[in-house]
Amino acid sequence: MRGIFAGLPWWVKWVAVPVIALVVFGGLIASIVGFVIGLLFKALVFVALVGGLIYIVRKFMSNSSSHGDW
């Protein structure tokens, strides 16, 4: 692989080849990045909902234990 790029100018190695790779694999890269971001967002929503549920349950449990007369 190193022999293929040996005689080429620097801009082919560092500009043209990455641009071609982005054009060819751009859709795949975008879908993978979108999937990862969506997964992280869903995990964040899950953590927030579980945290809110725990907060609400503890708040009601502390209120019900302090008002044990009803």
Side-chain angles (χ1 to χ4, degrees):
M1 194 68 170
R2 196 173 282 247
I4 295 172
F5 290 118
L8 297 175
W10 67 269
W11 60 268
V12 172
K13 290 186 268 190
W14 299 106
V15 177
V17 172
V19 167
I20 292 171
L22 282 175
V23 168
V24 172
F25 298 109
L28 177 66
I29 293 170
S31 65
I32 290 172
V33 169
F35 174 75
V36 169
I37 290 174
L39 195 63
L40 288 174
F41 179 74
K42 288 178 183 179
L44 182 64
V45 168
F46 175 75
V47 168
L49 289 174
V50 169
L53 179 67
I54 291 171
Y55 174 76
I56 290 171
V57 167
R58 285 188 178 174
K59 188 166 179 93
F60 279 119
M61 294 293 282
S62 67
N63 284 344
S64 66
S65 65
S66 65
H67 300 299
D69 51 36
W70 61 280

Residues in side chain to side chain contact (heavy atoms under 4.5 Å, CB included) contact with Ile56, at least two apart in sequence or another chain: Phe60
Contacts table for residues 22-30: side-chain donor-acceptor under 3.5 angstrom, sequence neighbours left out:
none

Under the side chain to side chain contact (heavy atoms under 4.5 Å, CB included) test, residues paired with Lys59 that sit two or more places apart: Tyr55, Asn63
Linked, directly or transitively: Phe46 and Leu40 (ILVMFWY side chains, under 4.5 Å): no
For Val47, side chain to side chain contact (heavy atoms under 4.5 Å, CB included) partners two or more places apart: none
Same apolar cluster: Leu44 and Leu39, side chain cutoff 4.5 Å: no
Side chain to side chain contact (heavy atoms under 4.5 Å, CB included) against Trp10, all qualifying residues, sequence neighbours excluded: Trp14, Val15
Under 4.5 Å side-chain linkage, directly or through intermediates, the cluster mates of Leu49: Phe41, Val45
